[in-house]
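Below you'll find the structure, written out as structure tokens, and then a few comments.
Just so it is clear, the values below take in all heavy atoms, side chains as well, and ignore hydrogens, waters and symmetry mates. Treat the numbers as computed from the prediction; the structure is a model and nothing was measured.
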Amino acid sequence: FFFSSRRRHTRFRNVTGVQTCALPICSLVQSLIHFLRSLFKADKVKLNKLLTYVSISPLQKDYFRKTSVEINRMELIPNFIDDIEFSPQNHNGKWLFVGRIDRSKGILQLIANFPHDKHLDIYGSGPLQEQLIREVKSMNNINYLGYLDNEVLKELLPKYQGIFIPSLWIEGLPTIFLESLALGVPVISIQGNSMEYYISKYDCGYLLKRLTLDEIYEGISVIENRRKEFQEKGRCDYEENFTETRWIESVSELFEKINL
């Protein structure tokens with residue numbers, strides 16, 4: 001087997017991989033595809049011995065399909081998280097961002113265009129942390145609160161109106177996205193990353209076209225008016241795709257398919 005993405009084992013600190021995203025996504029993707037094609041051709045004998053390639057998101061699968069990987073040898077098996085009790089709560093009216101503080105996460109564009117009459121709490125750390133602190137210092141409606149333990153995060157998430165995960169990079173599937181679905185927390189993301197497929201299919205959140213003030217306002221308004229509906233649909237998305245049971249079923253089906 002060849003799994004097309006590594007699972008990250010830390011949420012905020014010492015994260016390996018892409019640090020910034022200065023180039024347009026399309027350029028980065030084209031470079032990645034060119035690199036993979038060269039790699040696959042150079043190691044063709046070894047790769048031909050692999051029975052199946054496993055991708056963790058539909059978008060990732062599509063990009064790998066554009067290399068020399070045969071589509072009939074690609075399987076989609078998303079990551080899973082342990083179940084979290086779904087208990088919808090009254091929200092505090094605030095919005096949330098949780099993630100690494102770098103350009104690829106869209107955090108700088110988010111704070112630059114966030115509505116002044118809405119409140120945003122930010123948790124995380126990263127290379128642009130000091131810049132973020134300076135920029136939000138004069139913003140009364142945006143609070144940077146530093147690193148947050150995962151167990152505490154799970155308790156706080158349901159208390160928020162919703163969460164922004166505006167990743168500009170393709171991503172695998174961020175753990176915070178799966179946790180938000182499991183807890184019924186509506187997600188606002190942006191078109192072009194791996195979350196788009198699930199948000200569109202299950203109508204469990206809102207997709208921005210761009211990180212502009214008007215787009216963000218529209219997304220917030222939609223969530224505020226349909227929050228209960230998004231909570232239930234997000235939980236449905238989690239139960240159908242991201243539970244441990246579903247992951248085991250998918251892997252077992254794959255083993256049977258290739259007679260292991």
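With no hydrogens or angles considered, a side-chain donor-acceptor pair links Asp121 and Tyr160 at under 3.5 Å. Side-chain contact check for Glu171 and Ser194: no donor-acceptor pair (N or O, by modelled atom type) lies under 3.5 Å. Looking at Tyr202 and Glu240, their side chains do bring a donor and an acceptor atom within 3.5 Å of each other. No hydrogens or angles considered: nothing links the side chains of Glu196 and Ser200 as a donor-acceptor pair under 3.5 Å.
In this structure the side chain of Ile165 reaches within 4.5 angstrom of the side chain of Met195, judged on heavy atoms. Contact of the Phe114 side chain with the Leu213 side chain is not registered, since no non-hydrogen atoms from C-beta on lie closer than 4.5 Å. Between Ile101 and Leu108 the shortest side-chain heavy-atom distance does not fall below 4.5 Å. For the pair Ile170/Asn193, no side-chain contact is recorded, criterion being any heavy-atom separation below 4.5 Å from C-beta on. Considering only heavy atoms from C-beta on, Asp83 comes within 4.5 Å of Tyr238 through its side chain. Residues Gln191 and Leu208 fail the side-chain proximity criterion, which asks for heavy atoms closer than 4.5 Å. Within the 4.5 Å cutoff, the side chain of Leu153 has heavy atoms near those of the Ile176 side chain. Looking only at side-chain heavy atoms (C-beta outward), Ile142 and Glu135 stay at 4.5 Å or farther from each other.
Between the CD1 atom in Ile188 and the CG atom in Leu96 there is a gap of 11.5 Å [rounded to 0.5 Å].
Salt bridge annotation for Glu151-Lys154: present, with a cationic side-chain nitrogen under 4.0 angstrom from a carboxylate oxygen. Here Glu239 does not pair with Arg246 in a salt bridge; the nearest charged N to carboxylate O distance is not below 4.0 Å.
Under the side chain to side chain contact (heavy atoms under 4.5 Å, CB included) rule, Leu157 has a single partner from Ile84, Val98, Ile163, which is Ile163.
Ring to ring, Tyr198 and Phe242 are close: their centroids are under 6.0 angstrom apart.
Applying the side chain to side chain donor-acceptor pair (under 3.5 Å) test to residues at least two apart or on different chains, the pairs with a partner in residues 213-226 are Asp117-Tyr217, Lys118-Glu224, Asp203-Arg226, Arg226-Glu229.
A donor-acceptor pair is defined here as one N or O able to donate and one able to accept, closer than 3.5 Å; no such pair exists between the side chain of Asn143 and the backbone of Leu145. Not one N or O on the side chain of Asp237 forms a donor-acceptor pair closer than 3.5 Å with the backbone of Lys233. Proximity of a side-chain donor or acceptor of Ser167 to a complementary backbone N or O of Trp169 within less than 3.5 Å is not detected. Using modelled atom types, one side-chain atom of Asn141 and one backbone atom of Pro115 make a donor-acceptor pair closer than 3.5 Å. Distance alone, capped at 3.5 Å, places no donor-acceptor pair between the Tyr144 side chain and the Arg134 backbone.
With sequence neighbours left out, His91 forms a side chain to side chain donor-acceptor pair (under 3.5 Å) with Gln161. Evaluation of the side-chain contact (heavy atoms from CB on, under 4.5 Å) rule for Thr245 yields Thr243, Glu249 as partners, not counting sequence neighbours.
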Give the C-alpha distance, both sets of side-chain angles, the deciding distance and a yes or no for side-chain contact (heavy atoms from CB on, under 4.5 Å) between Ile190 and Phe164. CA-CA 9 Å; Ile190 191 168; Phe164 280 86; over 6 Å; no
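For the residue pair Gly192 and Leu59, the shortest heavy atom distance occurs at O-CD2, 3.4 Å.
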